[in-house]
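To start, the structure under review is shown below, and the notes come after it.
Here the structure is a predicted model, which means the values were calculated and not measured. Here, residue 1 is the first one in the sequence, and each next residue gets the next number. Counting starts at 1 for both ligands and their atoms, in listed order.
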Amino acid sequence: MYILGIETSCDETAAAVVKDGTQIITNIVASSQKIHQKYGGIVPEIAARKQIDFITPVVKEALAEIPHEEIDALAVTVGPGLIGSLLVGVEFAKTLSYLWQKPIIPVNHLIGHIYANFLIQSSPSTSSGSRVKSGEKLKVKDATNPKTVELPALVLIVSGGHTELVLMKDHGVFENIGGTRDDAAGEAFDKAARLLNLGYPGGPAIQKAAEKGNPKAFNLPRPLINSPDFDFSFSGLKTALYQTVQQITPTFVPLSGTSAGRPAKKDDATSQETSDLAASFQQAAIDCLVHKTTKAAQKYEVMSVLLAGGVAANKGLREGLGKAIQEKLPAISFFMPPFELCTDNATCIAAAAYFNYKPKPWSKIKAEPGLDI
Ligand code: KG4
Ligand code: ZN
């Protein structure tokens with residue numbers, strides 16, 4: 001079965017064709033991220049306008065390999081996300097469903113992220129970790145699927161807007177067992193990067209700066225790490241970073257320019273203090289995520305642990321969680337998507353629709369910005 005997935009929940013416009021829920025035929029992603037960089041964060045109105053510009057060429061390109069007559073169904077992200085952006089993909093997909101007389105499946109964006117783990121891993125030559133840009137196709141020629149995900153699974157979803165621990169009992173049977181009480185993990189990375197003048201999006205910028213830093217240089221808190229629940233909190237960590245930056249002023253350059261849109265100075269990124277702060281912040285966030293996920297996996301006696309969402313692209317988190325599961329819970333299999341499928345894309349939306357095949361009449365589908373799991 002060929003499903004055409006469409007994803008427009010934020011600043012990415014994505015379309016993909018996936019065969020039988022696992023095999024990527026095409027994966028096209030266009031992004032307005034560069035425009036938002038100068039504002040230090042996403043401007044919803046601009047994101048929505050760019051969605052309108054990108055949607056037709058992106059969908060056309062996704063259909064380059066398989067003509068639309070051979071597509072069996074459409075899948076579209078209905079939420080959560082930015083209303084203006086969501087509406088573009090939802091209305092576009094509904095129109096195609098009506099025109100082509102094909103079934104359409106509404107998909108929760110967060111559930112979509114989970115299904116990046118069910119897609120066949122592309123060969124090393126195609127999963128080099130670089131983002132798939134508009135105009136490039138991710139073709140899986142010699143795909144191998146080493147392991148399949150066994151359920152029940154525990155999923156850590158870490159994105160720009162969400163941080164959730166979800167028990168996946170079966171396809172379509174999800175239970176939320178914990179989550180952030182304030183900022184999402186990705187949001188914390190973005191805010192920390194802004195504070196350190198490292199630019200937007202913050203996750204990759206913090207990771208890069210942290211490579212040259214000492215994660216033990218600053219003693220930042222690990223909020224809620226020993227609480228008996230499976231919740232997270234990142235706003236206190238962000239405040240602690242801010243206070244640490246203030247303490248080491250005036251020698252520390254980035255404090256002078258935390259306003260949105262100030263381009264990173266050349267000195268900022270190379271400053272040892274910046275690198276040490278980035279590394280210490282990153283390690284504190286990772287420690288919280290790894291500790292609670294491992295504890296929950298043990299309690300719920302799952303077969304697999306899955307990492308999902310944009311922050312799943314973080315090298316330290318991937319290594320840290322993988323190592324903790326291997327050492328403490330060796331009977332549990334650990335899965336994480338290839339780098340290019342961690343951040344927003346439409347392959348996982350098509351995969352989620354395949355495994356949760358519940359078409360709805362197109363006229364009943366609507367954008368739901370506040371949708372949860
Ligand atoms: O899933 P996603 O593409 O969009 C949402 O659904 O929110 O996630 C975007 C988030 C951003 O906050 C970005 O800073 C973060 O993922 N991110 C990372 C990395 N790459 C992207 N965070 C930490 N390390 C990374 N390498
Ligand atoms: Zn996302």
Inset, instruction - Mark up the atoms of ligand 1 that fall under 4.0 Å of a heavy atom belonging to G161, in ascending order. - result: 7 (O)
Inset, instruction - For H109 and ligand 1, answer yes if some heavy atom of the residue is under 4.0 Å from a ligand atom, otherwise no. - result: yes
Inset, instruction - Pick one of side chain, backbone, both or neither for how H162 approaches ligand 1, counting any non-hydrogen atom pair under 4.0 Å. - result: neither
Legend entry - H113 touching ligand 1 at heavy-atom level, < 4.0 angstrom: yes
Inset, instruction - Indicate yes or no: does an N/O atom of C342 lie under 3.5 Å from an N/O atom of ligand 1? - result: no
Legend entry - Heavy-atom check, side chain of D190 versus side chain of Y200, under 4.5 Å: yes
Inset, instruction - Provide the atom name of the closest N, O or S atom of D344 relative to the Zn ion (ligand 2). - result: OD1
Inset, instruction - Measuring from the Zn ion (ligand 2), name the closest N, O or S atom belonging to H113. - result: NE2
Inset, instruction - May I ask you to check whether G203 has an N/O atom sitting below 3.5 Å from an N/O atom of ligand 1? - result: yes
Legend entry - Best match, G160, C348, G202, G81: closest heavy atom to atom 9 (C) of ligand 1: G160
Legend entry - Element-labelled atoms of ligand 1 that are located less than 4.0 Å from some non-hydrogen atom of G310: 1 (O), 2 (P), 8 (O), 16 (O), 17 (N), 18 (C), 19 (C), 20 (N), 21 (C)
Inset, instruction - Ignoring hydrogens, just give me the one of N314, V29, D344 whose non-hydrogen atom is nearest atom 3 (O) of ligand 1. - result: D344
Legend entry - Carboxylate-amine/guanidinium contact E319 K323, below 4.0 Å: no
Legend entry - Any side-chain heavy-atom pair of D183 and L237 under 4.5 Å: no
Inset, instruction - Say whether Q207, considering both its backbone and side-chain N or O atoms, lies within less than 3.5 Å of an N or O atom on ligand 1. - result: yes
Inset, instruction - Answer yes when K94 and E91 have at least one side-chain N-carboxylate O distance shorter than 4.0 Å, and no when they do not. - result: yes
Legend entry - Aromatic ring pairing Y115/F355, orientation class (parallel under 30°, perpendicular over 60°, tilted between): parallel
Inset, instruction - Could you tell me whether the side chain of P103 reaches within less than 4.5 Å of the side chain of S97, counting heavy atoms only? - result: no
Inset, instruction - Would you check the N or O atoms of T343, main chain and side chain alike, for any that come under 3.5 Å of an N or O of ligand 1? - result: no
Legend entry - Side chain to side chain, S280 and K216, heavy atoms closer than 4.5 Å: no
Inset, instruction - Compute the minimum heavy-atom distance from C10 to ligand 1 and say whether it is under 4.0 Å. - result: no
Inset, instruction - Check whether any N or O atom of G186, backbone or side chain, sits under 3.5 Å from an N or O atom of ligand 1, and answer yes or no. - result: yes
Inset, instruction - Would you check whether P201 has a nitrogen or oxygen atom less than 3.5 angstrom from a nitrogen or oxygen atom of ligand 1? - result: no
Inset, instruction - Validate the cation-pi geometry between R318 and F339: distance from NZ or CZ to the six-membered ring centre under 6.0 Å, angle to the ring axis within 45°. - result: yes
Legend entry - Atom indices of ligand 1, in the order listed, that fall short of 4.0 Å to a heavy atom of A313: 20 (N), 26 (N)
Legend entry - Point-to-point distance, once rounded to the nearest 0.5 Å, from CD1 of I42 to CD of Q33: 7.5 Å
Inset, instruction - Evaluate the side-chain proximity of L151 to H171: yes if any heavy-atom separation is below 4.5 Å, no if none is. - result: yes
Inset, instruction - For the Zn ion (ligand 2), decide whether H109 has an N, O or S atom at a distance under 2.8 Å. - result: yes
Legend entry - Check: K292 and F232 side chains under 4.5 Å, non-hydrogen atoms: yes
